[in-house]
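Below you'll find the structure, written out as structure tokens, and then a few comments.
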Amino acid sequence: MEKVRLLIIGGGPAGYTAAIYASRAGLSPVLYEGPEPGGQLTTTTVVENYPGFAKGIDSISLTGAMHDQAAAMGADLRRGIVTRADLSGKPFRFEIDGTPAVEADAVIIATGAIAKYLGLPSEHKYRGMGVSACATCDGFFYRKKDVAVVGGGDTACEEATYLAGLCRKVYMIVRRDVFRASEAMQKRVFNTSNIEILWNCNTQEVLGDAGGVTGVRLQRKDGEVFDIAVDGFFLAIGHHPNSDLFKEWVETDGNGYIRTDGVSSHTNVEGVFAAGDVQDPHYRQAITAAASGCRAALDAEKYLKK
Ligand code: NDP
């Protein structure tokens with residue numbers, strides 16, 4: 001079995017940043033990129049809120065540049081999926097693509113999270129063409145247009161109020177007759193005049209043409225089917241952190257996010273660090289993930305050089 005000092009799991013902004021810092025610290029990190037190199041960023045198109053790019057940058061170029069920078073610093077970046085982790089004792093042991101392959105003195109978990117989608121074929125068809133799971137990332141493209149947000153939790157309320165500041169009108173599609181969101185977030189929605197809440201509604205289909213989304217077909221609980229015209233369709237029905245492989249050893253919160261100690265990346269297992277969206281239910285931005293990857297590498301460096 002191959003023995004490495006530092007294993008980084010996940011090829012998104014958190015993992016690549018951790019690899020850049022760890023390489024420069026002489027830790028010779030090995031990074032497995034996982035099923036979707038680039039991470040969630042690759043599900044969006046143009047990134048306009050990552051500092052350093054006055055004209056924005058397309059997401060593939062941005063994650064590609066992060067990858068190349070980590071490789072240039074000396075990180076060993078590999079295609080491959082960690083399929084099993086044994087964090088019961090040191091060194092930690094990992095299966096890659098189903099085969100026991102790597103032992104590591106320390107590990108940074110940067111496996112990210114996946115936005116939940118409704119699972120409609122039309123939703124899939126228009127992904128990146130009006131369908132998005134990140135209002136902060138893509139809302140800007142819908143300035144002065146009409147959009148819809150699906151969901152009734154804190155994220156949906158937050159995204160709807162954010163979009164209401166940019167868009168002409170925001171529909172909220174809520175499947176029950178109540179929100180799940182906190183009172184404070186609900187109040188913000190109720191006090192925003194250009195948000196219209198469509199209670200008891202489920203999305204049947206996302207409508208569109210060659211130019212992208214043009215509307216949404218909804219069904220109310222009483223059976224009525226009707227269409228609304230929108231240019232953007234935002235999913236806000238929750239995220240699933242990719243922590244399942246590690247839950248046997250690493251503490252998670254009720255939603256599966258890995259718990260870290262204060263602002264550090266330390267988990268409850270010494271030598272195991274977590275960075276990026278797998279431990280962040282709140283900010284979920286490329287820049288915050290990158291920053292937490294930096295913290296994890298610094299924490300790992302301190303741990304390994306102890
Ligand atoms: P939640 O799980 O809290 O809410 C998901 C929402 O989506 C619910 O209204 C749910 O409906 C709805 N939903 C789920 N599946 C479907 C579906 N298939 N079709 C239609 N609607 C669906 O997720 P959030 O992302 O909102 O929040 C996750 C956690 O993060 C929470 O603990 C939240 O409090 C926290 N958070 C806090 C924030 C803050 O404090 N500022 C901001 C954002 C998140 P139903 O209610 O019927 O199940």
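Whatever order the structure lists ligands and atoms in, that order sets their numbers, starting from 1. In this text the structure is predicted, and so the values were computed from the model without any measurement.
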* Considering only non-hydrogen protein atoms, determine which one is nearest to atom 24 (P) of ligand 1 and report residue, atom name and distance to 0.1 Å. => T155 OG1, 3.2 Å
* Asked: For R217 and D227, what are the C-alpha separation, side-chain angles and deciding distance, and is it a salt bridge (charged side-chain N to carboxylate O under 4.0 Å, His left out)?
  -> CA-CA 4 Å; R217 180 154 302 150; D227 295 349; 2.8 Å; yes
* Asked: For ligand 1, which atoms, with element, lie under 4.0 Å from some heavy atom of G152?
  -> 6 (C), 7 (O), 8 (C), 9 (O)
* Please report which non-hydrogen protein atom sits nearest to atom 47 (O) of ligand 1, along with the residue it belongs to and the distance in Å to one decimal place. => R176 NE, 2.7 Å
* Asked: According to the interplanar angle, ranging from 0 to 90°, do the rings of F179 and F190 count as parallel (below 30°), tilted (30 to 60°) or perpendicular (above 60°)?
  -> tilted
* To do: Before giving the answer on side chain to side chain contact (heavy atoms under 4.5 Å, CB included), spell out for L298 and Y21 the whole-Å C-alpha distance, their side-chain angles and the decisive distance to 0.1 Å.
  => CA-CA 7 Å; L298 296 177; Y21 274 77; 4.2 Å; yes
* Asked: So, is R175 polar-close to ligand 1, with some N/O to N/O distance under 3.5 Å?
  -> yes
* Interfacing atoms of ligand 1 (cut-off 4.0 Å, heavy-atom, R180) -> 1 (P), 3 (O), 4 (O), 8 (C), 9 (O), 45 (P), 46 (O), 48 (O)
* Provide, to 0.1 Å, the distance between atom 22 (C) of ligand 1 and the closest protein heavy atom, together with that atom's residue and name. => I237 CG2, 3.5 Å
* For ligand 1, the portion of N255 having any non-hydrogen atom under 4.0 Å away -> side chain
* Asked: What are the atoms of ligand 1, with element, lying closer than 4.0 Å to any heavy atom of G151?
  -> 7 (O)
* Answer with yes or no whether the side chains of N242 and T111 bring together a donor and an acceptor at under 3.5 Å. => no
* Is I258 linked to V272 within one hydrophobic cluster, defined over Ile, Leu, Val, Met, Phe, Trp and Tyr using a side-chain heavy-atom separation of less than 4.5 Å? -> yes
* To do: Could you see which bit of H282 sits under 4.0 Å from ligand 1, with heavy atoms only: side chain, backbone, both or neither?
  => side chain
* Structure fact -> ligand 1 atoms nearer than 4.0 angstrom to some heavy atom of G153 are 4 (O), 6 (C), 8 (C), 9 (O), 26 (O)
* For the residue pair Y50 and F53, categorise the inter-ring angle as parallel (less than 30°), tilted (30 to 60°) or perpendicular (more than 60°). => tilted
* Asked: Going by the order shown, which atoms of ligand 1 are within less than 4.0 Å of some heavy atom of E158?
  -> 41 (N), 42 (C)
* **Region of L118 that comes within reach of ligand 1 [heavy atoms, distance under 4.0 Å]** => side chain
* Asked: Does Y142 reach the side chain of L163, with side-chain heavy atoms less than 4.5 Å apart?
  -> no
* So D146 and R168, salt bridge (charged side-chain N to carboxylate O under 4.0 Å, His left out) or not? Walk me through it. -> CA-CA 6 Å; D146 295 349; R168 194 172 58 179; 3.0 Å; yes
* Asked: Against heavy atoms of G238, which atoms of ligand 1 measure under 4.0 Å?
  -> 23 (O), 25 (O)
* Asked: D154 to ligand 1: N or O pair under 3.5 Å?
  -> yes
* Asked: Side chains of D209 and T214: donor-acceptor distance under 3.5 Å anywhere?
  -> no
